[in-house]
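Read the structure below first, then the notes.
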Number of protein chains: 2
Amino acid sequence: MESRQPAQGEHRQPSSAEPATSARAHRPSMMDVARLAGVSHQTVSRVLNDHPNVRQSTRSRVLWSMRELGYRPNSAARTLVTGHSRTIGVIGLDSTLYGPAATMHGVDDAARRADYRVNTVGLASIDRISVLEAVERLATAGVEGVVVIAPLSSASEALADLPTDIPTVVVNAHPESDIASVTVDQAHGAQRATEHLLSAGRSTVWHVAGPANWSESRGRIEGWTRALDAARVDVPPPLTGDWSARSGYEAGRVLARLPEVTAVFAGNDHMALGLLRALHEFGRAVPDEVAVVGFDDIPEAAYFTPPLSTVRQDFSEVGRRCVRLLIGQIETPGEAAECSVVTPELVVRRSSTPSKVPQVGRGSGRE
Amino acid sequence: MESRQPAQGEHRQPSSAEPATSARAHRPSMMDVARLAGVSHQTVSRVLNDHPNVRQSTRSRVLWSMRELGYRPNSAARTLVTGHSRTIGVIGLDSTLYGPAATMHGVDDAARRADYRVNTVGLASIDRISVLEAVERLATAGVEGVVVIAPLSSASEALADLPTDIPTVVVNAHPESDIASVTVDQAHGAQRATEHLLSAGRSTVWHVAGPANWSESRGRIEGWTRALDAARVDVPPPLTGDWSARSGYEAGRVLARLPEVTAVFAGNDHMALGLLRALHEFGRAVPDEVAVVGFDDIPEAAYFTPPLSTVRQDFSEVGRRCVRLLIGQIETPGEAAECSVVTPELVVRRSSTPSKVPQVGRGSGRE
DNA sequence: CCAGACAGTGTGAGCGTTAACAATGACGTA
DNA sequence: TACGTCATTGTTAACGCTCACACTGTCTGG
């Protein structure tokens, strides 16, 4: 309501109704609003916090004064007196991996909806010292809870001996830890992917794993092994990458030379991309000669050459659940640490289905 | 220093030196530290802020008390009294595009180094109302400045009539606006890319542009046009995508059918990926028949099929400069709005260089 | 031997807000 | 008429910190 043209150009300060008190350079406070509206500051506070028992006429007078002065509540003062900052911290790995970024967005969005602010700290490295530092930073900043989006294989213990009284939710924490967490059932996804590769009659499935200190990697290795065991086929030694296309490419250069390799389950889509590249260079046809499945379902996966079969994780959902759990902990402390599990889903595309008609974009379910 | 085992399990509260005052459930305040150290709260404050004129012995006694009590300064109180929150806000587009995410990390990192906190707000959509809302949110949260990482073609005007007194830096703002900004010289990069494609003797270069409301798109179109004009060749009508691989694929399906298309400059690497896919499906060989160059140099670009020539932007640098400019504005207000320009760099790979030996990974300069 | 400088420390006020309680007035009921 | 009740408003005291200042003492130089 109230459409005022910005005709005044430079000045949008009070400019009127200023009874020549003093040269206030400060931002208007509750007091200023109260004075202009002819009420006490407490009444202004009541209007601000939607208390009942404020007469309608008073309320609108106060609201008018607020707009007139361009009043904005001072969150520091509010935080100080209430003891609540309505801010959550997010610790993310400072990389540009798709998963963490997408999760981050889910967190951000959910927090906004719940009227919480988000304070981010990127992690330079993943050792426990960095994690502790990051938590300390956030604690000092006054956050009421922390979401950790980082591989915490080695670092989840760091959280254990944290001198921390603040609620924490960890993404893909190790199952054994007793921290609240939201986890994607990596093993399940990996098992489905592996079964899918086996079902086409391949003798066994090789694996390019993620870094050993990521719990995601471990879960995927577990599911892959489980599927191979169930099918009573050999478990080849997994190669290890670092999630990058580059590392996938290097693993691919090794695998491409081995004629017995006919199916590869890559730890994520980026490594799968590198893998495809290497196989292509060595003249190993995908999917006819070698079938490939990735993990994540990044938006580009459907446009790889060939389009990549993969396991889709709903990262936004993960982020949303983190916030839900965290706010639960914040608002009802002492509750037991919950764990929420998200189930990923196999998406089949060309890289694992030999000899069919082109079908790019099919099965992505995103458009 | 001081390695104390967490042997006490649950309690890491004061636990000692508490002269039976009262059952304090609160976090320790400066007063508590002062009492324990036998000094005034002001001395504690001085220690905290590294004031000179505190005797060494006193200082260490205070520091000891802080550790003993697990004291953490209350940033809300500090902000309230100093008027400085040491927090900057970041408005990002809520997508998972590589560029914005990478820039975000640069900002985060630089802010941390400068001892500023970072408050993020993701944008659901890019209309001016969303932007205004986001700024309002951040202002209420008490940030001292804002970095806007979002396409502000339509929204940069939104910032213009903002009732905002807080410093702002916009990434890739339109040159004509008078807001402080850090921009990548899109036109320069695009021109280099186009010239490179022309130098191989292609008759002209087609372009798959990004969304019209992104200033990045406009800059790239401009550079592309400029290069074609300089070479006195026809300027084909640009196709428009939305940065996604999918949209690049669709544009590719159109271009692949036109036999006169022998060189394409894609607005970003993701669209280039879709484009490669489409060309491949239509049997148009890259680079021999059609040469392709992208923009961004995402980490995966070197592993496309074929490896993608592209224009590298240093997103981290952009983020860092944003913070530098912003903090400059914050700490010395009234300064003129600076604009910083980052020059991108052409990275040549196989997709634009016909008939050479395989050279994946070469020219990426990142390992 | 005392003024002045200065290192080191304490005291009081106030930042902008909310919570607790007190005060006012209008209304109905006994 | 008097009294409790309720809606509406004001008053005061925190919250934890920094700033400006006042206060000690110790040392220097005249």
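Residue numbering restarts at 1 for every chain, and letters A, B, ... go by the order of the sequence lines.
- Checking the phosphate oxygens (OP1, OP2) of D/dT9, no side-chain nitrogen or oxygen of A/T43 falls inside 4.0 Å.
- In this model, the phosphate group of D/dT8 is not approached by any side-chain N or O of A/R55 to a distance below 4.0 Å at OP1 or OP2.
- Here D/dC15 presents its P atom at 20 Å from CZ of B/R72, a figure rounded to the nearest Å.
- Atom-to-atom, CG of B/N53 to C1' of C/dG8 comes out at 6 Å; the value is rounded to the nearest Å.
- Positionally, the nearest nucleotide of DNA chain D for A/R61 lies more toward the 5' end than for the other of B/L80 and A/R61.
- Using a 4.0 Å heavy-atom cutoff across all strands shown, A/P52 reaches no nucleic acid atom at all.
- The distance between atom CG of A/L48 and atom C1' of C/dG16, rounded to the nearest whole Å, is 12 Å.
- Taking side-chain N and O atoms only, A/T82 has no distance below 4.0 Å to OP1 or OP2 of C/dA19.
- When heavy atoms are screened at a 4.0 angstrom cut-off, B/N74 is found touching the sugar-phosphate backbone but no base atom.
- At a threshold of 4.0 angstrom between heavy atoms, the contacts of A/T58 are confined to the sugar-phosphate backbone, with no base atom among them.
- One can place CG of A/L69 at 14 Å from P of C/dG16, the figure rounded to the nearest angstrom.
- Using a 4.0 Å cut-off between a side-chain N of Lys or Arg and a carboxylate O of Asp or Glu, B/R137 and B/E133 do not qualify as a salt bridge.
- For C/dT9, neither phosphate oxygen OP1 nor OP2 lies less than 4.0 angstrom from any side-chain nitrogen or oxygen of B/S40.
- A donor-acceptor pair under 3.5 Å is formed between the side chain of B/R86 and the backbone N or O of B/A114.
- For CD of B/E331, the number of neighbouring non-hydrogen atoms (other residues, nucleotides, ligands) closer than 6.0 Å is greater than 12.
- If you find the closest nucleotide of DNA chain C to B/R46 and to B/A77, the one lying nearer the 5' end belongs to B/R46.
- In this model, the phosphate group of D/dG16 is not approached by any side-chain N or O of B/S29 to a distance below 4.0 Å at OP1 or OP2.
- Remark: C1' of D/dG16 and CZ of B/R78 are 11 Å apart, rounded to the nearest angstrom.
- One atom, CZ of A/R59, and another, P of D/dA7, lie 14 Å apart when rounded to the nearest Å.
- In this structure a side-chain-to-backbone donor-acceptor pair under 3.5 Å is present from A/S65 to A/R61.
- For the pair B/H41 NE2 and C/dT9 C1', the computed distance is 11 Å after rounding to whole Å.
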Could you give me the CA-CA distance, side-chain angles and deciding distance for A/V121 and A/V90, then say whether side chain to side chain contact (heavy atoms under 4.5 Å, CB included) is met?
CA-CA 6 Å; A/V121 178; A/V90 179; over 6 Å; no
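- Spacing between atom CE of B/M31 and atom P of D/dT18 amounts to 13 Å, rounded to whole angstrom units.
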